[in-house]
Amino acid sequence: MADSIADEADQREWWQTTHETMSYKVGEWSNGLDAFFSGQRHESDEKSFVSMRFGSIIESEDGVSGFFNLDARLHLPNTKDRLDLIIESDADELTQDNQLMDNESGQNIFQSAQNTRFATMLRYIKDEWNANIDLGVLVRMPMDPFVRIKFKQEYDLGRWGVEQNEALFTYYTLGNGGRYSLAVRLPFADRFEFGAELGATYLEFDSETYWRQNLYVNHALSDISKLRYQISYLQEGSRPHAESFLYFLEYQRILYGNWLIGQIKPQVTYERENDYQSEASLTASLEVLLGPGFL
């Protein structure tokens, strides 16, 4: 009996120790890069993190597929909080205004990990302008350097919160583009928040404009779980015409500590190219967060 309890303790320690080791390693990477750029070392910074998200997508038409995403931010505080090193997965997806699902289907988790297209960039933070300026490359052959600048403005109008974002970007092979978005949110009934979002993106390489409108309600069930109800309407063209309509329910729960998160998302989609026939899907995923702030 005692041996059984010891074995269970060792099993628990395996994944906890692995997470702790990798989280300390993220802090060491941040410290080393900070020393490289500023000439000074810092203690572990809680703003640095690595996010790994993986799971499965079950679709009524295409069956079961998998996905893997990896994103990271290494904060460099001794640069006067001006610089971050950013890694983004699927970075050649220039806009989300035309995306129907969070991830591409049609491959398993291992294929997704192999085919994930990363961008590595140095982000310069200009607080006076409320702007981020990204200088980076898409990690693929041939290398594709890019420049991206984002601006953000936030306002409080009574109980309403308003956020406005503008972005301009230029890629060596993918061309130029720009995006504008406007979002409003209103908290109500303690655990609820209503929100509306409008986004528009212009991509030069296909001379196309993509439009997206989202209406959602966030429902905090508890300190560790929440629901999101969302309806989205997608359009294309300089004179917008309907392309897609979708709605989903997203349940998210913290499964352990503050670093292991589970998510389930049933969704129904109607696309113009399929004569607006309903297509059901279910996305189930796990997210693992690594870094000094998750020890």
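- To the nearest 0.5 Å, the span separating OH on Y171 from CG on L203 amounts to 10.0 Å.
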Quiz item: Between E279 and S281, does a side-chain contact (heavy atoms from CB on, under 4.5 Å) hold up when you go through it step by step?
Solution: CA-CA 7 Å; E279 300 176 60; S281 64; over 6 Å; no
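- A salt bridge links R148 with D134: the distance from a Lys NZ or Arg NE/NH1/NH2 to an Asp or Glu carboxylate oxygen falls below 4.0 Å.
- Applying the 6.0 Å contact sphere to CG of L186 captures more than 12 heavy atoms from other residues, nucleotides or ligands.
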Self-check item: Criterion side-chain contact (heavy atoms from CB on, under 4.5 Å) on E166 and Q153, from CA distance to verdict
Solution: CA-CA 9 Å; E166 305 87 18; Q153 303 87 42; 2.9 Å; yes
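- Ring geometry, F245 versus Y270: the interplanar angle falls from 30° to 60°, so the pair is classed tilted.
- Side-chain contact check for L290 versus H19: some heavy-atom pair is nearer than 4.5 Å.
- Between T283 atom OG1 and E59 atom CD the span is 8.0 Å, to the nearest 0.5 Å.
- Taking every heavy atom of both residues into account, T95 and N98 meet most closely at O-OD1, 3.4 Å.
- Taking OG1 of T209 as the start and OH of Y202 as the end, the distance is 6.5 Å to the nearest 0.5 Å.
- In this structure, H241 contributes its side chain and E236 its backbone to a donor-acceptor pair below 3.5 Å.
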Practice problem: Please lay out, stage by stage, how Y210 and E243 fare under the test side-chain contact (heavy atoms from CB on, under 4.5 Å). | Solution: CA-CA 10 Å; Y210 300 94; E243 284 295 319; over 6 Å; no
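- Within a 6.0 Å radius of OH in Y172, no more than 12 heavy atoms belonging to other residues, nucleotides or ligands are found.
- At least one side-chain heavy atom of Q230 sits under 4.5 Å from a side-chain heavy atom of S232.
- Listed here is the closest heavy atom pair of A183 and E197: CB-CG, 3.9 Å.
- Judged by distance alone, with hydrogens and angles left aside, the side-chain atoms of D71 form no donor-acceptor pair with the main-chain N or O of R53 at under 3.5 Å.
- A donor-acceptor distance shorter than 3.5 angstrom exists from the side chain of S30 to the backbone of H75, with no hydrogens or angles considered.
- N218 places no side-chain N or O within 3.5 Å of a backbone atom of E193 that could act as its donor or acceptor partner.
- Separating the CD1 atom in I133 from the CE atom in M121 is a distance of 13.5 Å, to the nearest 0.5 Å.
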Practice problem: Output, in order, the C-alpha distance, side-chain angles, deciding distance and verdict of side-chain contact (heavy atoms from CB on, under 4.5 Å) for L135 and Y124. | Solution: CA-CA 8 Å; L135 301 173; Y124 177 74; over 6 Å; no
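- The only member of I86, V50, L85 that meets side chain to side chain contact (heavy atoms under 4.5 Å, CB included) when paired with R73 is I86.
- Taken together through direct or relayed side-chain contacts under 4.5 Å among Ile, Leu, Val, Met, Phe, Trp and Tyr, V184 and F151 form parts of separate hydrophobic clusters.
- Residue F146 comes nearest to A119 through the heavy atom pair CE2-CB, 3.9 Å, listed as atom of the first residue, atom of the second, then distance.
- Rounding to the nearest 0.5 Å gives a distance of 8.0 Å between CD of E204 and OG1 of T170.
- Residues S23 and L295 approach most closely at CB-CD2, 3.5 Å, considering heavy atoms.
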Quiz item: S51 and E287: side chain to side chain donor-acceptor pair (under 3.5 Å), yes or no, with the steps?
Solution: CA-CA 7 Å; S51 167; E287 183 176 15; 2.6 Å; yes
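- Here the straight-line distance linking atom NE2 of H219 with atom CG of L227 works out to 7.0 Å at 0.5 Å rounding.
- With hydrogens and angles left out, the side-chain atoms of Q16 and Y256 include a donor and acceptor closer than 3.5 Å.
- Grouping the Ile, Leu, Val, Met, Phe, Trp and Tyr side chains by contacts below 4.5 angstrom, directly or via other members, places Y216 apart from F188.
- Taking the side chain as every heavy atom from C-beta outward, Q213 and Q235 approach each other to under 4.5 Å.
- With R212 contributing its side chain and Q99 its backbone, the two residues share a donor-acceptor pair below 3.5 Å.
- L234 and L246 get closest at one heavy-atom pair: CD1-CD2, 4.3 Å.
- A distance-only check finds a donor-acceptor pair linking the side chain of R159 to the backbone of P187 [under 3.5 Å].
- Counting only heavy atoms from C-beta outward, the side chains of S285 and F67 approach each other to under 4.5 Å.
- Here the side chain of W211 pairs a donor or acceptor atom with the backbone of G237 at under 3.5 angstrom.
- Side chains of T269 and E271: a donor-acceptor N/O pair is absent below 3.5 angstrom, by distance only.
- L255 and I261 end up in the same hydrophobic cluster when Ile, Leu, Val, Met, Phe, Trp and Tyr side chains are linked at under 4.5 Å.
- When the side chains of ILVMFWY residues are joined at heavy-atom separations under 4.5 Å, either directly or via intervening members, Y229 and F194 end up in a single hydrophobic cluster.
- Taking all atoms of both residues into account, the shortest heavy-atom contact from V162 to R185 is N-NH1, 4.4 Å.
- The shortest side-chain heavy-atom distance between F192 and V217 falls under the 4.5 Å cut-off.
- Cluster annotation: Y247 is connected to Y276 through the hydrophobic network of ILVMFWY side chains, with a link wherever side-chain heavy atoms come within less than 4.5 Å.
- Residues Q267 and E250 bring no donor and acceptor atom of their side chains to less than 3.5 Å of each other.
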